[in-house]
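Only one structure is covered here, and it is reproduced in the block below.
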Amino acid sequence: MSHGLISTELYYKIFATLMALTTLTVIAAFIDMGALNDIIAMGIACTKALLVILFFMHVRYNSPVTWIFVSAGFVMLLIMLMLGMNDYVSRSWDAPPSPWTAPPSAAPASH
Amino acid sequence: MSSDLHGLVAHQFDDMEQQREAATIGMWAFLITEVMLFGGMFMCYTVYRTLYPEAFQAGSHHLNIILGTLNTALLIGSSLTMALAVHAAQNGHRKQVERLIVATILLGSLFLAVKAFEYTGKWQENLIPGPNFAPAEPIPHLQIFYALYFVLTGTHAFHMVIGIGVMVVMLVMNRGGKFSKDYYAPVEMAGLYWHFVDIVWIFLFPLLYLLGRH
């Protein structure tokens with residue numbers, strides 16, 4: 001299996017699963033489930049990404065070194081998101097940064 | 001057989017298999033830097049969405065979900081043709097590689113066409129962040145959502161343009177008979193890049209188009 005030769009049938013199956021998951025995530029988005037909506041949407045997105053990485057990108061059939069590279073990258077991403085958000089959500093005493101606003105136009109508004 | 005490979009295996013490698021593995025790991029190291037690039041932008045999205053959930057909800061609700069879903073389907077389809085192209089290259093079917101890469105380029109171009117159509121709509125509705133940002137109904141901080149929408153989808157679309165360029169190079173190399181059953185690494189590496197760009201969209205689609213539906 002070192003050559004990474006997968007049958008075309010499997011590719012079509014993965015494609016069908018990805019399309020089914022896309023339909024599912026769109027349907028789920030229309031149902032109000034509160035915080036669950038985000039969890040479901042991200043869960044489906046992660047499943048789809050995993051299918052692409054493992055099969056379309058052949059990682060499942062690659063050497064362990066590739067596995068280490070790929071997983072290290074995503075672990076670092078998680079660390080960035082989690083530590084970053086830790087900082088943001090625990091600084092509620094700071095006012096949120098003020099958004100960019102349009103400079104006042106040359107002609108002052110008439111009011 | 002090893003004499004056929006003479007010249008295809010660089011002198012620092014023992015054999016073709018080792019060369020292919022090195023290429024794969026190198027490509028993934030590059031893709032991880034891309035993960036970090038998009039990761040920073042996703043981080044920015046998460047921070048601002050936590051700060052201004054209403055603005056993100058409203059902005060997302062305004063995006064065209066039909067076009068977004070269509071684009072998701074187009075990209076997943078292009079990933080399929082790409083995977084099949086690599087498969088054809090592994091089997092040394094040159095004609096098939098050509099047809100499948102052309103299909104991948106077509107699907108990718110269709111994706112960009114839909115994106116251009118969406119951008120035009122935003123332009124006409126004055127939803128481009130900047131001095132002329134003027135949504136029909138003013139929502140506080142809505143501009144932040146659109147700024148992130150354009151930066152995220154714009155960077156993604158730029159990657160698509162590069163991907164299409166890479167595919168054109170693969171077509172030329174394939175025409176020139178550069179690939180064989182034994183040597184197809186460039187097609188495989190180009191495929192990794194293409195699939196990665198697909199994965200970015202897999203996350204952009206729910207984060208931008210789906211969050212404000214219900």
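Hydrogens, waters and symmetry mates play no part in the numbers below; they use all other heavy atoms, side chains included. Quick caveat: nothing in here was measured; it's all calculated off a predicted structure. Proteins come first, then strands; the chains are lettered A, B, ... in the order of their sequence lines, and each starts at number 1.
Of the two parts of A:Ile31, only the backbone, made up of N, CA, C and O, holds a non-hydrogen atom closer than 4.5 Å to a non-hydrogen atom of chain B. Contact of A:Asp38 with chain B is made through the side chain alone, with heavy-atom distances under 4.5 Å. Heavy atoms closer than 4.5 Å to chain A are found nowhere in B:Phe133, neither backbone nor side chain. Contact annotation for B:Ser79: both backbone and side-chain heavy atoms come within less than 4.5 Å of a heavy atom of chain A. Neither the backbone nor the side chain of A:Phe55 comes within contact range of chain B; no heavy atoms are under 4.5 Å apart. Heavy atoms of A:Met33 lying under 4.5 Å from chain B are absent altogether. The parts of B:Ile25 that come within reach of chain A are both its backbone and its side chain, each placing non-hydrogen atoms under 4.5 angstrom from that chain. At a 4.5 Å heavy-atom cutoff, B:Val200 makes no contact with chain A through either its backbone or its side chain.
For chain B, the option among A:Thr23, A:Leu77, A:Ile14 with the highest count of heavy-atom pairs below 4.5 Å is A:Leu77. Between chain B and the residues A:Ala28, A:Ser63, A:Ala72, A:Ala41, the most heavy-atom pairs under 4.5 angstrom are made by A:Ser63. Counting heavy-atom pairs closer than 4.5 Å to chain B, the top residue among A:Thr22, A:Leu81, A:Val59, A:Ile44 is A:Leu81. In terms of non-hydrogen atom pairs under 4.5 Å with chain A, the most contact-rich of B:Val35, B:Thr24, B:Ile32, B:Val47 is B:Val47. With respect to chain B, the highest number of heavy-atom pairs below 4.5 Å among A:Leu21, A:Ile68, A:Asn37, A:Val65 belongs to A:Asn37. Of the residues considered (B:Met36, B:His195, B:Met82), B:His195 shows the highest number of contacts with chain A, using heavy-atom pairs under 4.5 Å. Note: A:Val70 leads A:Val70, A:Thr25, A:Leu18 in heavy-atom pairs under 4.5 Å with chain B. In terms of non-hydrogen atom pairs under 4.5 Å with chain A, the most contact-rich of B:Leu211, B:Asp198, B:Leu84 is B:Leu84.
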Original post:
Given the rule in the salt bridge (Lys or Arg N to Asp or Glu O under 4.0 Å) test, do B:Glu98 and B:Lys95 qualify, once you have shown the distances and angles that lead to the verdict?
Top reply: CA-CA 5 Å; B:Glu98 171 148 339; B:Lys95 266 268 145 54; over 6 Å; no

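Taking the six-membered ring where the residue is Trp, A:His58 and A:Tyr61 present perpendicular rings, their angle passing 60° and hence far from 30°. By the 30° and 60° cut-offs, the orientation of the rings of A:Tyr11 relative to A:Phe56 is tilted. Ring geometry for B:Tyr183 versus B:Phe179: interplanar angle of 30 to 60°, hence tilted.
The environment of B:Phe117 atom CZ is sparse: at most 12 non-hydrogen atoms of other residues, nucleotides or ligands sit within 6.0 angstrom.
Judged by distance alone, the side chains of B:His159 and B:Glu34 do bring a donor and an acceptor atom under 3.5 Å apart. Side chain to side chain, B:Thr72 and B:Trp201 meet the donor-acceptor criterion of an N or O pair below 3.5 Å.
Taking the ring centroids of B:His61 and B:Phe56, they lie at or beyond the 6.0 Å cut-off.
Put simply, the side chain of A:Ile53 reaches to within 4.5 Å of the side chain of A:Phe74, judged on heavy atoms. No side-chain heavy atom of B:Met27 sits under 4.5 Å from any side-chain heavy atom of A:Thr66.
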